[in-house]
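Both counts, for ligands and for their atoms, begin at 1 and track the order of listing. For the numbers below, each heavy atom of this structure counts, side chains included, while hydrogens, waters and symmetry mates do not. Numbers here are sequence positions counted from 1.
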Amino acid sequence: MTNRSQNGRSTTLRQLPSIDSLLQTETAKALAAKLGAESLTKLARKVTDGLRREILTGSSPLADSQNGTRASFLHEAERRMAQTFESNLRRGVQRVINATGVVLHTNLGRAPLSDEARRALIEAAGYCSLEYDIGEGVRGRRGARAEELLIELTGADASLIVNNCAAAALLVLTTFAEGGETIVSRGELVEIGGDFRVPDVMAHSGTRMIEVGTTNRTSLSDYREAISQRTRMLMRVHTSNYRIVGFTRTPTRRELAELAHASDLLLYEDAGSGALVDFSAYGIEGEPVIREIINSGVDLVTFSGDKLVGGPQAGLIVGRSELIEQMRKHPLYRALRADKLRLAALEATLETSLRDADVPVREMIGLDEQRLRARAEALIRRLAKGTSADLWALVPGESAVGGGSAPTSALPTVLIAINHPSLSATQVSAMLREQHPPVIVRIIDNQAAIDLRTVSATDEPDLEKALLAIGS
Ligand SMILES: *Cc1c(COP(=O)(O)O)cnc(C)c1O
């Protein structure tokens, strides 16, 4: 570094606003009410530190003598304070419009809750009868009603609820197979989105994983030959997010149950998405119905509350009573048990399913192309009043179930593709994310595309406003 540039930089550094002067600005005063004094000071320090670093590394756009006035630095610092505050706000959990057509979008919170479940959440937010028997005025059992509903919906003897399906699998494996061996097919050693890996969960629960068969074929004798004195359990895993097709083989649940029980072992199935009803009527293949799994003799089944069940994130365990009671007493259950908000929303979701009414997930999966086309056409007609009509085009496409369910089932849909005259698809989708609430779209064939399958009727007015904003 030459002396001259060093001198230039120290001159420029003297133009940096002090924390105190920055805190006296109108911007800081406006932010003070929202942030509190301490956080505001931290923010001011962060901004001035950033500016100082840029001057020292020569990367500041204000560092040359014409631009680097005291006023311009102060102005830039104010702008950055406001911007950092805004972007921090936007990093929190907020409502978005899911226009991607991916029903169980893991990044967007998986299942949207029903109105009943939302009301139940609010009601449970204050004091509630979480562990209180109102009839008797004594302590009650947490989750009792949700457990009853699960029993009715699946035909199992008993049930237990924890925070998510990964926790449920951990609890089952730890309670019944810790210190022993668990046999699983090589074709089922899957990784599900969000870092759930079957071998890792086994390792953490302290059971030794015994792999049998091959990726595409595992026979009953493979399991039989692997059984030893140390075996505790046979485990089946639903290969949720992928399918092996072609030359494949796997024993039936009934065969596995007979084998397990003849050797005094348990058969456990991690069903993942956990359908309470048969989704094949909706064109979705390969998602096992929990009631059928129980009927075929499986001792314990785990599945997620926020996939095809359509409720809040939860780990649902159903199976034989004495096994469920053993888990309820395990110290790990205390660490994994569900809280009141989750239980309230789950209860409401299960009540809806018991009436055989549609929760939003089922409703969205059940929407046919014709209905979607009619809604898309109506939306375009409304948009054409405020924007150029050739901005919007209807094109056929496919929605997805998502959330690691039914990877081979595509749901036919009608997309609204956006033909923007000057913005790229990436720019259009960025602009839509800047709306309030942000709208999330997919980019298909170089166009931002809206799939109304995942946009509820209550979201539609906000979607319309966002689309008008980018079209005008
Ligand atoms: C999704 C899934 C899980 C993980 O469920 P979370 O509720 O996200 O913890 C575990 N096992 C299978 C088979 C799954 O499909």
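Near S304, meaning under 4.0 Å from one of its heavy atoms, ligand 1 places the atoms 5 (O), 6 (P), 7 (O). Atoms of ligand 1 lying under 4.0 Å from at least one heavy atom of H238, given by number and element, are 13 (C). Taking every non-hydrogen atom of D270 and a distance limit under 4.0 Å, the qualifying atoms of ligand 1 come out as 10 (C), 11 (N), 12 (C), 13 (C). Proximity to K307 (heavy-atom distance under 4.0 Å) selects the following atoms of ligand 1: 1 (C), 2 (C), 3 (C), 5 (O), 14 (C), 15 (O). Those atoms of ligand 1 that come under 4.0 Å of a heavy atom in R110, given as number and element, are 6 (P), 7 (O), 8 (O).
Salt bridge present: E116 and R355 bring a charged side-chain N and a carboxylate O closer than 4.0 Å. Look at K46 and D49 and you find no salt bridge, because none of the NZ, NE, NH1 or NH2 atoms lies under 4.0 Å from a carboxylate O.
Ligand 1 has a nitrogen or oxygen under 3.5 angstrom from a nitrogen or oxygen of A166. Considering backbone and side-chain atoms alike, C165 places an N or O below 3.5 Å from some N or O of ligand 1.
Applying the side chain to side chain donor-acceptor pair (under 3.5 Å) test to R141 and every residue at least two apart in sequence or in another chain returns E147. Remark: F303 engages no residue in a ring pair (Phe, Tyr, Trp, His ring centres under 6.0 Å) (not counting sequence neighbours).
The environment of CZ in R334 is sparse: at most 12 heavy-atom neighbours from other residues, nucleotides or ligands sit within 6.0 Å.
Between the side chains of E188 and H238, no donor-acceptor pair of N or O atoms lies under 3.5 Å.
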